[in-house]
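What follows is a set of notes on a single structure, which appears directly below.
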Protein chains: 2
Amino acid sequence: MPNPVAVEAMRGALVESAHRGAGAVVDADGRVAMAFGDADRPVYPRSAVKALQALPLVASGAAERLGLSDKEIALACASHSGSEDHVATARAMLAKAGYDERALECGAHWPLGEEEARALARSGRTPTALHNNCSGKHAGFICLSCAMGVDPQSYVAPDHAVQREVKASIEAMTGARLSEEMRGVDGCAIPTYAIPLVALARGFARLGTGQGLSPERRSAAERIRAAVAAHPLTVAGRGRFDTKVMSLLGPSVFTKSGAEGVFCAALPEAGLGLAVKADDGAGRAAQVMIAALIRRFGRFDEETSARFMRFVSPRLSNWNGAEVGLLRPVGPLA
Amino acid sequence: MPNPVAVEAMRGALVESAHRGAGAVVDADGRVAMAFGDADRPVYPRSAVKALQALPLVASGAAERLGLSDKEIALACASHSGSEDHVATARAMLAKAGYDERALECGAHWPLGEEEARALARSGRTPTALHNNCSGKHAGFICLSCAMGVDPQSYVAPDHAVQREVKASIEAMTGARLSEEMRGVDGCAIPTYAIPLVALARGFARLGTGQGLSPERRSAAERIRAAVAAHPLTVAGRGRFDTKVMSLLGPSVFTKSGAEGVFCAALPEAGLGLAVKADDGAGRAAQVMIAALIRRFGRFDEETSARFMRFVSPRLSNWNGAEVGLLRPVGPLA
């Protein structure tokens, strides 16, 4: 049975496009508060699990030993827009490990943020690996490698000590077993392992609450939560969904986008983790899906809840700024 | 019953995302050569019908009277990338009608082409309405208005003489009746009317063959086909699907993308028109769908057909240039 339609794109009176998907809301013990679609099917979480991938950096004591700041830890969890500040922060992380951008194995791309890309073009320069939206995560991998006393070269390979640590962290957090057969290569060259949404949601419930974690992981989760909450602009960038949502809702929510329509979130106060995937990989659908779940399961006052509606049902405008349609959660998310 | 999955995005051994959709292949008499999904459901064609919207400009004799070149006619059918050449061509069209960019009602946006956007940023300038991907279509509307002796002001309004002509043209070409209840506002502020895919496909069969058209429309269709075939770079831009496909296949195919996963094409030699819509609005899915149909129904030699495979099943690479997956037509398009 196909997953249900969860998001509609309206133009005038008609449904112009529709997005199917699945999602799960789970607590740290694995109790499912709500699920729709096939939430047991493994999906590549892509960048949505960067915080889980950054956990060993903190839990191992590497971040502490290298003196990484909260902002640098937030960048390790980021899909950043490639602003001057993002680039400088990644460079500083590498310097603390005794490296520079030549150690990065993520590849270069023009900044994810359109304004940031134009600013770089205006400056007459071209992008380096530091501008890659994953450069903070990769700088974190290099920091972890150094703190482990391991040569960071080929740190993107599945059998490198760093990726083995990262895999173990995701397994411990989500309770899922990550197998070779379910492994793909992410856009930034590291492995991505397919994981059921229910397990991803549980991992985020544990990240948000610390429940069921070893003391090292619990305190690392706490520091990561504090870091991303304090630096919402570092985790994504100006005008981006994660940055705007976390700026509005504060530490009561942590959200993280992933490529191909994946989104994860933690609601620490409610003790819940959330994970969704739009079947078709559309980011706009995943945003509406996660926003609809945050609104339903989050604990906000009425005013905040009302202000949050622009994420649940965003307006679509034409180039003259006139409203021509909207996105809206439907079916299981109505 | 939902539309079938028509395109899969593979990463490693897994299907990462999947796109459902519908499509139709129809001849000028309305005979359906092939259809899948709900091809009778009206969909907004968006920019996919720009050639049908440009038809009155030529059929009325306005293009002739104002001395529009083939390149300018191609730009009237374009969703262009906003290059210097695109902008200069739009400006020249307006000048022939005695107007400049202040008459454009499409709004401004940064060039659709990423390279073109960066080039504009590098120059220190900001976009005007001439950079809007629809500026050629709008310049064409202004030319038509002037040639009709009508003030072009508010030419985007549904009851302006220009939009009434455009509506009549689409109705005559597709055989569909365009109703107020099925009207939305397009990104460039003009009306877009929902039309069944079978009717869109028939309209493109007529555009491609001239069959069943009045002498004026038949000769206008011929000039438009010649114009877009001669100027594939004008219709889209460097690196874009339409430009690459028409550069490879020549006058044997005319393709036109529309927003929200719509694609139309004409195969004049086969006497067929094609129309597809990805349910979710994904452009990548619509490209694979239309490419799969072009490959099946087009008449090409083996070498061309082999070279065309990169559009039917494009490879997905990571930022290091390594292949990590691919898109592929499946189900009715396998």
Side-chain angles (χ1 to χ4, degrees), chain A residues 2 5 7 9-14 16-20 42-44 46 105-110 114 117-124 129 132 134 156 181-189 191-192 194 259-261 277-282 284-285 316-325, chain B residues 2 5 7 9-14 16-20 42-44 46 105-110 114 117-124 129 132 134 156 181-189 191-192 194 259-261 277-282 284-285 316-325:
Chain A
V5 172
V7 177
M10 304 294 300
R11 180 172 299 264
L14 301 189
E16 180 165 32
S17 301
H19 301 275
R20 293 173 183 274
V43 302
Y44 292 126
R46 310 290 302 273
E105 299 178 5
C106 49
H109 66 72
W110 281 91
E114 285 181 31
R118 292 194 292 260
L120 186 63
R122 216 173 282 124
S123 77
N132 186 309
C134 302
V156 297
E181 306 82 60
M182 304 300 258
R183 190 176 73 206
V185 181
D186 213 324
C188 66
T192 180
E260 291 291 334
K277 156 92 181 168
D279 288 358
D280 52 70
R284 70 178 184 183
L316 303 175
S317 301
N318 69 13
W319 299 115
N320 289 322
E323 188 176 323
V324 294
Chain B
V5 172
V7 178
M10 304 294 301
R11 180 173 298 264
L14 302 189
E16 180 164 33
S17 301
H19 301 275
R20 294 171 182 274
V43 302
Y44 291 126
R46 308 293 301 275
E105 299 179 3
C106 49
H109 66 72
W110 281 90
E114 285 183 31
R118 292 194 292 261
L120 185 64
R122 216 172 282 125
S123 77
N132 187 309
C134 301
V156 297
E181 307 84 58
M182 305 301 257
R183 191 175 72 206
V185 181
D186 212 325
C188 67
T192 181
E260 290 291 333
K277 157 91 182 169
D279 288 359
D280 52 69
R284 70 177 185 185
L316 303 175
S317 302
N318 69 13
W319 299 115
N320 289 322
E323 187 177 323
V324 295

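Proteins get letters first, then strands, A, B, ... in listed order; numbering begins at 1 in each.
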What distance do [X] atom [atom1] and [Y] atom [atom2] have between them, rounded to the nearest 0.5 Å?
X	Y	atom1	atom2	answer
B/His19	A/Arg20	NE2	CZ	14.0 Å
A/Arg122	B/Leu120	CZ	CG	9.0 Å
A/Tyr44	B/Leu14	OH	CG	3.5 Å

Heavy-atom pair count under 4.5 Å with chain A, highest-scoring of B/Val7, B/Val43, B/Val324: B/Val324

Between B/Cys106, B/Ala117, B/Cys134, B/Gly261, which shows the greatest number of heavy-atom pairs under 4.5 Å with chain A? B/Cys106

Under 3.5 Å: donor-acceptor pair, side chain of A/Asn320, backbone of B/Gly107: yes

Considering only heavy atoms, which portion of [X] lies under 4.5 Å from any heavy atom of chain A: side chain, backbone, both, or neither?
X	result
B/Ala189	both
B/Ser123	neither
B/Glu105	backbone

Where is the tightest heavy-atom contact between [X] and [Y], given as atom of each residue plus distance?
X	Y	answer
A/Asn318	B/Val185	ND2-CG1, 3.9 Å
B/Ala121	A/Ala121	CB-CB, 4.3 Å
B/Glu16	A/Lys277	O-NZ, 2.8 Å

Turns out that what part of A/Ser317 lies under 4.5 Å from chain B's heavy atoms comes down to neither

Salt-bridged, A/Glu260 to B/Arg11, with N to O below 4.0 Å? no

Top of A/Arg284, A/Arg183, A/Glu181, A/Met182 for chain B proximity - count of heavy-atom pairs under 4.5 angstrom: A/Arg284

Step through the shown structure and confirm whether more than 12 heavy atoms of other residues, nucleotides or ligands are within 6.0 Å of CH2 on A/Trp319. no

